[in-house]
Amino acid sequence: MTKQLITSALPYVNGLPHLGHLVGCLLPADVYARYQRVLGEEVLYVCGTDEHGTPSEVGAAKENMPVDEYCKKYHDLHVEMYRGFNLGFDYFGRTSSDQNKEITYRIFHALDKNGFIEEKTTKQVYSPDDGRYLPDSYVMGTCPHCGYEKAKGDQCENCTKILDPTDLINPKSVLSGSSNLEIRETRHLFLQLPKIEAELDQWIETKKGLWPDIAYSIAKKWLKEGLKERGITRDLKWGFSVPKEGFENKVFYVWFDAPIGYIGITKQWSDEKPTERNWEDWWLKPDEVRYTEFMGKDNIPYHTISFPATLKGTGENWKTVDFLKGMNYLNFAGGKFSKSAHRGIFLDDAIREFPADYWRYWLIANAPESDDTNFSFDQFAAVVNKDLNDVLGNFINRVLKMTEKNFGCQVPAIGAITENEKELYQTLDNLIADYKRYMDGLEFRKAMSTLREIWVSGNNYIAKTEPWKVVKTNLEYGATILGTALNMIRLFANLSAPVMPETAQKMLALVGAEKTPVWPTEKMETYLKELPAGKAFTPSDPLFQKILPERVEELKIKYKETEA
RNA sequence: CGCAGGGUAGAGCAGUCCGGUAGCUUGCCAGGCUCAUAACCUGGAGGUCGUGUGGUUCAAAUCCCACCCCUGCAACCA
């Protein structure tokens, strides 16, 4: 059986993640991983914090901490927040681990041996007052084209022209504000992407029509424009020192070792139980693994070009991505979420406001798959109230209450069935097949709208059969209806488990079904009779609570949705 | 300027590849039901499909051309 390897783009350790990070890569990957597990597949879902690079060094300096302590602190905060949202990683590691260093070196040496690494002298801005080289975007000055005074060294935000830091008038360090800047010559190592361009192009071409448009078209765009060699080393202290003579005091560029981190993190995982786990089974046996990557659109070039080139250039048999799920952005009040401006909704706040499953359902049902999507509390409340409370929650509640009143807290025996049940079986069999097809294709919005239809079919069945009337005249058929409905709660739980794990768990417990969600493989004719008659169930309070209009208004003010 | 994605009822989306009665959810209106969380079920109104008295075609949301608007990206921001 093919194993399922799943990764989501590694969140940068600096600062705290927001809903955009969650929906862009972490949550869809988790839903997909859970779905595969429910199907009974062997799954490995790894993720972790991306820790190297200038922002970590600068952030640590600001908090007066050593960089490694700083990264550990934020790594732990990430872990805590993701736990709150029930992200079920098999392992959540770090790109700064020893294991990642080992794999990074191994890959670098192979690339070097194969002639994919070349030395080159470049000009780089050095700031004596900051005591460091500055990345282009850390230099600010006046744009020579439009006169905009806050143009950054890589691009002017105002006129969008691409710049070189040396083009800027009155350049200053973004960090210290110092205008005492030097241009220094420095030697660096470059990955020779042009050498592998043709091979990459052929490979991407095989993904046409399979990958989401955004993933294929962004990759093709880069290839069409022609690949350029790419620097993979930096003049920083924080990072893996470069194992090559003359470069020992430099480190690898964060974008070189970050995607390799998927492999390094897998090794962290397998090193914990070396007798049972082997990272090579996942990364060096490509025919036995299906690899699915999740990421926001900004990450697509790195995962379609740089990372595959890095792996292919080694000449070794590394696993490369089979399916790449690229997501657009989630916006807030018409603008981007922003870490630096703390604009939008951050995970620690989100989880204090509502249970994880409310967010998980909304985010997946409204995932920015084909276009950027806007988050608003009005919309959030509308969806939670309608889909979760009215459609699903109310179905469960009415069925449990009616059964309790007429048959006590146990599953009534299902007797002779009628056309109503046959119709229900047929409807559900079809909808479940649709739902599975969408989940297999990672079409989350369509999957969620189908899941919702499945829930609606429960209410339809109740409305049509009118058990509250039937029990007065035909107790036996009343038992059949409510018994069937209780079995539907189990069905809904198993189907909803990937997106709402906590709620699904509660639902399964309510009707005394299996503890671990399992995909329904039988036809409904069989499946909806499987809860044994007489099995006790637990009366319960409603699973969801509505978000009232006053609350929505409070939230809008609290998170500055209206003035943002 | 270039490239990519998007522009379809009040709102949020599908349909566009492969042309053939414009669909779904929500909101609104009416009816049904009264087991249930003022909920559920059914029906209805609401759209010149960004613009062009553009092109192709028997037929265009869909293909072609031009233009406008929104979002994002451009390799040292992860």
Side-chain angles (χ1 to χ4, degrees), chain A residues 9-14 21 49-56 95 122 124-125 133-139 152-155 159-162 164-165 188 193 209 212-214 216-218 220-222 224-225 227-231 234 253-255 258-259 295-302 305-306 326 328-329 331 334-336 339-340 365-366 368-374 376 378-379 382-383 385-387 389-391 393-403 405-406 445-446 449 452-453 456 458-464 466-471 482 485 541-546:
Chain A
L10 308 180
Y12 199 70
V13 73
N14 193 355
H21 296 109
T49 39
D50 176 16
E51 306 194 350
H52 292 141
T54 309
S56 289
T95 58
T122 58
Q124 183 72 40
V125 176
Y133 283 93
L134 297 177
D136 289 357
S137 62
Y138 279 65
V139 184
K152 289 185 171 180
D154 51 350
Q155 180 184 16
C159 69
T160 74
K161 283 212 165 67
I162 300 162
D164 193 87
H188 281 291
L193 292 177
D213 279 352
I214 190 159
Y216 171 80
S217 56
I218 288 180
K220 277 305 265 191
K221 177 204 151 196
W222 278 51
K224 215 166 74 187
E225 290 174 0
L227 300 182
K228 295 175 194 163
E229 59 182 6
R230 181 174 177 78
R234 293 290 183 271
Y253 174 43
V254 55
W255 262 115
M295 71 201 64
K297 59 181 165 185
D298 52 333
N299 266 257
I300 290 172
Y302 302 100
I305 307 289
S306 327
N328 287 280
Y329 285 142
N331 289 329
K336 281 213 272 186
K339 247 189 201 181
S340 48
N366 296 281
E369 288 178 299
S370 58
D371 193 10
D372 293 351
T373 295
N374 203 43
S376 76
D378 280 323
Q379 238 240 332
V383 168
N385 290 346
K386 190 71 195 171
D387 293 4
N389 283 272
D390 296 350
V391 175
N394 182 49
F395 170 76
I396 295 166
N397 192 240
R398 70 199 295 209
V399 168
L400 292 181
K401 289 262 167 68
M402 232 186 304
T403 309
K405 198 195 281 178
N406 292 288
R445 277 180 182 241
K446 288 180 181 172
S449 104
R452 192 196 124 100
E453 272 189 77
V456 167
N459 284 314
N460 263 317
Y461 174 67
I462 297 293
K464 190 158 187 186
E466 301 185 310
W468 60 91
K469 281 185 190 164
V470 171
V471 290
L482 292 170
D541 292 329
L543 287 176
F544 304 102
Q545 281 189 329
K546 290 210 191 199

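Values reported hereafter were calculated over all heavy atoms of this structure, with side chains retained and with hydrogens, waters and symmetry mates removed. None of these values were measured; they are calculated from a predicted model. We name chains A, B, ... by the order of the sequence lines, and we start the count at 1 in each one.
- Taking for each of A:E229 and A:V391 the nucleotide of RNA chain B with the nearest heavy atom, the 5'-most of the two is the partner of A:V391.
- Which of B:rC40, B:rC35, B:rC76 sits closest to the side chain of A:I462 comes down to B:rC35.
- Of the side-chain N and O atoms in A:K386, one or more sit less than 4.0 angstrom from OP1 or OP2 of B:rC40.
- The residue among A:N328 and A:F544 whose nearest nucleotide of RNA chain B lies closer to the 5′ end is A:N328.
- The separation between A:Y216 atom OH and B:rC3 atom C1' is 15 Å, rounded to whole Å.
- B:rC40 and B:rU21: their P atoms are spaced 33 Å apart (whole Å).
- Regarding A:N385, its CG atom lies at a distance of 21 Å from the P atom of B:rA11, rounded to whole Å.
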### Task
Treat a base pair as Watson-Crick or G-U wobble with both distances under 3.5 Å, then lay out RNA chain B in dot-bracket form, 5' to 3', with | for cross-strand pairs.
.(((((((.[[[[.)....(..]]]].(((((.......))))).....[[[.[[..)....]]]]])))))).....

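- For A:N389 and B:rU37, the shortest distance from a side-chain N or O to OP1 or OP2 is not below 4.0 Å.
- Taking atom P on both nucleotides, B:rC24 is separated from B:rC63 by 23 Å, rounded to a whole Å.
- Enclosure of atom CD in A:Q545 is not indicated, since only 12 or fewer non-hydrogen atoms of other residues, nucleotides or ligands lie within 6.0 angstrom.
- The listed nucleotides are B:rC35, B:rG72, B:rG12; the one nearest the side chain of A:Q379 is B:rG12.
- Taking CG from A:D541 and CG from A:N397, the interatomic distance works out to 8.5 Å, rounded to the nearest 0.5 Å.
- A:S56 and A:Y12 share a side-chain donor-acceptor pair at under 3.5 Å.
- B:rG54 and B:rC3 have their C1' atoms separated by 26 Å, with the value rounded to a whole Å.
- The two residues A:V391 and A:R452 come nearest to each other via the heavy atoms CG2-NH1, 4.2 Å.
- In this structure, A:N14 places its CG atom 11 Å from C1' of B:rC77, rounding to the nearest Å.
- Of the listed nucleotides (B:rU37, B:rA75, B:rU34), B:rU37 has the atom at the smallest distance from the side chain of A:N394.
- Between A:R445 and B:rA14 there is no side-chain polar atom (N or O) within less than 4.0 angstrom of OP1 or OP2.
- Between the C1' atoms of B:rU57 and B:rA14, the separation comes to 26 Å (whole Å).
- When the P atom is compared between B:rU62 and B:rC76, the two are found 40 Å apart, to the nearest whole Å.
- Rounded to an integer number of Å, the gap from NZ of A:K546 to P of B:rU26 is 12 Å.
- A:T122 and A:Q124 share no donor-acceptor pair across their side chains, judged by distance under 3.5 Å alone.
- For B:rU37, the OP1/OP2 oxygens have a side-chain nitrogen or oxygen of A:K401 closer than 4.0 Å.
- Remark: C1' of B:rC73 and NZ of A:K220 are 18 Å apart, rounded to the nearest angstrom.
- Under 4.0 angstrom from either OP1 or OP2 of B:rA14 there lies at least one side-chain N or O belonging to A:S370.
- The distance from the CD1 atom of A:I396 to the CG atom of A:L543 is 5.0 Å, given to the nearest 0.5 Å.
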If you restrict it to nitrogen or oxygen atoms, what contacts under 3.5 Å exist between nucleotides 42-44 of chain B and the protein, and what is each distance?
{"unit_1": "B:rU42", "atom_1": "OP1", "unit_2": "A:N460", "atom_2": "OD1", "d": "3.4"}

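- Going from the P atom of B:rU48 to that of B:rU8 covers 12 Å, rounded to whole Å.
- Using atom P as the reference point in both B:rC64 and B:rG50, the two lie 15 Å apart (nearest Å).
- Set against B:rC35, B:rC73, B:rU37, the side chain of A:W468 has B:rC35 as its closest nucleotide.
- A:Q124 comes within contact range of at least one nucleobase, with a heavy-atom separation under 4.0 Å.
- Here B:rC35 is the nucleotide among B:rC35, B:rA75, B:rC33 with the atom lying nearest to any side-chain atom of A:R398.
- Considering only side-chain N and O atoms, A:K297 lies nowhere under 4.0 angstrom from the phosphate OP1 or OP2 of B:rA74.
- Scanning atom types as modelled, no donor and acceptor separated by under 3.5 angstrom connect the side chain of A:E466 and the base of B:rC33.
- One finds the CG atom of A:L10 at 10.0 Å from the CD atom of A:E51 (value rounded to the nearest 0.5 Å).
- In this model, the phosphate group of B:rU26 is approached by a side-chain N or O of A:R452 to a distance below 4.0 Å at OP1 or OP2.
- Taking atom P in both B:rG27 and B:rA22, the straight-line distance is 26 Å, to the nearest Å.
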